[in-house]
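Have a look at the structure below before the remarks.
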Protein chains: 2
Amino acid sequence: MHIQPSFRARPGSGTGVPELLSAMQPAAVSFHPADAVIYAPGEAAGPLYFVEFGCVRLLRVTADGRRQISAFHMAGEVFGFEASGVHDSFAESVEGVGLRRLRPANPDQAAGTMLQLALRNLARTEQHLMVLGRRSAGERLAALLLDLADRQESDGLVHLPMQRLDIADYLGLTLETVSRVLRTLKEQRMIRLRSTSDIEILDVAALRALCD
Amino acid sequence: MHIQPSFRARPGSGTGVPELLSAMQPAAVSFHPADAVIYAPGEAAGPLYFVEFGCVRLLRVTADGRRQISAFHMAGEVFGFEASGVHDSFAESVEGVGLRRLRPANPDQAAGTMLQLALRNLARTEQHLMVLGRRSAGERLAALLLDLADRQESDGLVHLPMQRLDIADYLGLTLETVSRVLRTLKEQRMIRLRSTSDIEILDVAALRALCD
DNA sequence: CGACCTGTTGATTCTGCTCAATCAACGTGG
DNA sequence: CCACGTTGATTGAGCAGAATCAACAGGTCG
């Protein structure tokens, strides 16, 4: 894993990402091994982060230890937005991850692209609210698998970079339930488990029917 | 209810709202009676909306009719952000509501303030993810009551502009559960129900302990 | 090999949902 | 003024889905 000097166009990440970066003084790629803390609540916010490769999780923890992952960010995406000057969440690497800090030279000039990126994250988060508030366990897993399939341009093969506990904490479930639901989806011939972290989607229509 | 020519400073709405408005060509106040649709999914997005008075709900509905309210917006707040050019949610009035359309003359110039407002909504939504994903029914109600108490500057008296079904669809519960939990909080002497829509907070510390 | 970590599976419990009845507040019309 | 219908809120009984507690399997690494 080493520094990649150019920005790669990423599938499924929408438009406008490459061009925005030139205006935002991207720093060199920094590497973070798995489960490293990139920032923590209370730390000063400011620079954004562009994911060069790997996967990052954003999460909050309650006083009694319950975790909620608000988002995973994959290659080509940008995170680190905060309304106040201080981070509210943890950002941690899921697997080894390469990041570029973005430090806009002229904040006013970059505000337009930052707004676009922030709105994309807002839309994703609002969508996730529906999943957590109104979806059954099976529907939640289906939504995650389709979302990942969409963000990777895999034809029918989805890679899960995160492990079961992270999936559970993202979907508001327990890891046991995640495991059981995956088995159920498998028994219904909707998916096939190549390995614990590689899932083959056998029936996209059926999965899509589960989440609308 | 009639047009109010000046912008009122609102408690709990944070900073920067009044000054932003002058840069955004606010239109005259339009009035919407209760349960009116302000915009619907599929409609072209563009202008933002400033809430002059009243309360608005943002919501999505699944194919089989399950509702999830992603946010309530009260006087002094701004909503209507969309990543694409098209709305994903319904915006509806909860009670009679007065709105001003904001149509930035120069989008680049307004991007900075729009970014601030969007980030505020993003932070709120991420916070709500934790509530829906990891909180019990009692904790969810406590969080809502404290949030409303904070946004109104009521000392101990919270007004609920929305009815039980809306509360339930915001918190990912059923209206029966909302009713039952309110009774439990009442029996525990944490709140008192002046009427169905006016709640007196008797023990802030206890409520706060429920949500951290 | 054995310790450890992750994931799977099973048995049981419990929180919140579903279905349903009741109640209070309100408006309308006889 | 009162009978009636409507709407929102409350309460109860039974149920279901997911959590909890617990055991076990497979892989990896020392």
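Naming convention: chains lettered A, B, ... in sequence-line order (proteins, then strands); numbering from 1 in each chain. The analysis underlying the following values was restricted to heavy atoms, covering all of them including side chains, and did not include hydrogens, waters or symmetry mates.
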statement: Counting primed atoms, P, OP1 and OP2 as sugar-phosphate and everything else as base, the B/S/- map of nucleotides 25-30 of chain D against protein heavy atoms under 4.0 Å is ------
message: In whole Å, I'd like the distance from the CG atom of B:Leu171 to the P atom of C:dT15.
response: 18 Å
- prompt: Using a cut-off of 4.0 Å on non-hydrogen atoms, how would the nucleic acid contact of A:Gly138 be classed: base, sugar-phosphate, or nothing?
  reply: nothing
- prompt: Counting side-chain heavy atoms from C-beta on, which of D:dT10, D:dA18, D:dA9 comes nearest to A:Ser136?
  reply: D:dA18
query: Which of the following nucleotides, D:dA9, D:dA18, C:dT18, is nearest to the side chain of B:Arg164?
result: D:dA9
Sub-4.5 Å side-chain heavy-atom contact between B:Phe81 and B:Leu122: no
message: Using heavy-atom distances to pick each residue's nearest nucleotide on DNA chain C, tell me which of A:Lys186 and B:Val181 is more 5'.
response: A:Lys186
message: Treating B:Arg134 as the side-chain partner and A:Arg66 as the backbone partner, does any N or O pair qualify as donor plus acceptor under 3.5 Å?
response: no
- prompt: Below 4.0 angstrom from OP1 or OP2 of D:dA19, is there any side-chain N or O of A:Thr174?
  reply: yes
- prompt: Please give, in whole Å, the distance from D:dA19 P to A:Asp169 CG?
  reply: 11 Å
- prompt: For D:dA9, does either OP1 or OP2 sit under 4.0 Å from a side-chain N or O belonging to B:Ser179?
  reply: no
- request: Check whether any side-chain N or O of A:Arg183 sits under 4.0 Å from OP1 or OP2 of C:dT8, and answer yes or no.
  value: no
statement: When rounded to whole Å, the CG to C1' distance for the pair B:Leu173 and D:dA9 reads 16 Å
- request: Answer yes when B:Asp35 and B:Arg57 have at least one side-chain N-carboxylate O distance shorter than 4.0 Å, and no when they do not.
  value: yes
task: Would you mind reading off the distance between A:Arg135 atom CZ and C:dC17 atom C1', rounded to a whole angstrom?
output: 17 Å
task: With rounding to the nearest 0.5 Å, note down the distance linking CZ in B:Arg100 to CG in B:Leu48.
output: 14.5 Å
task: Please report, rounded to the nearest Å, how far the P atom of C:dG7 is from the CG atom of A:Leu160.
output: 10 Å
task: Indicate the atoms forming the closest heavy-atom contact of B:Glu43 with B:Ile38, along with that distance.
output: OE1-O, 4.5 Å
- prompt: Which nucleotide, D:dA9, D:dA18, C:dG7, lies nearest any side-chain atom of A:Ala137?
  reply: D:dA18
- prompt: Rounded to the nearest 0.5 Å, how far apart are CG of A:Leu119 and CD of A:Glu126?
  reply: 9.5 Å
Polar atom pairs (N or O), protein with nucleotides 19-26 of chain C, under 3.5 Å:
residue : atom : partner  : partner atom : Å
C:dC19  : N4   : B:Glu176 : OE2          : 3.1

- prompt: How long is the line joining CG of A:Asp35 and C1' of C:dC5, in whole Å?
  reply: 12 Å
query: Would you say B:Arg140's side chain and B:Arg135's backbone share a donor-acceptor pair under 3.5 angstrom?
result: yes
- prompt: Rounding to a whole Å, what distance do you find between B:Met162:CE and D:dT7:P?
  reply: 22 Å
query: Rounded to the nearest Å, what distance is computed from the CZ atom of residue A:Arg134 to the P atom of nucleotide C:dC17?
result: 7 Å
- request: Kindly say whether A:Val61 contributes a backbone atom to a donor-acceptor pair with the side chain of A:Gln68 at under 3.5 angstrom?
  value: no
statement: Heavy-atom nearest pair, A:Ala40 first then A:His87, reads O-CB, 3.7 Å
- request: Look at the side chain of A:Asp212 and the backbone N and O of B:Thr62, then say whether any donor-acceptor pair between them is shorter than 3.5 Å.
  value: no
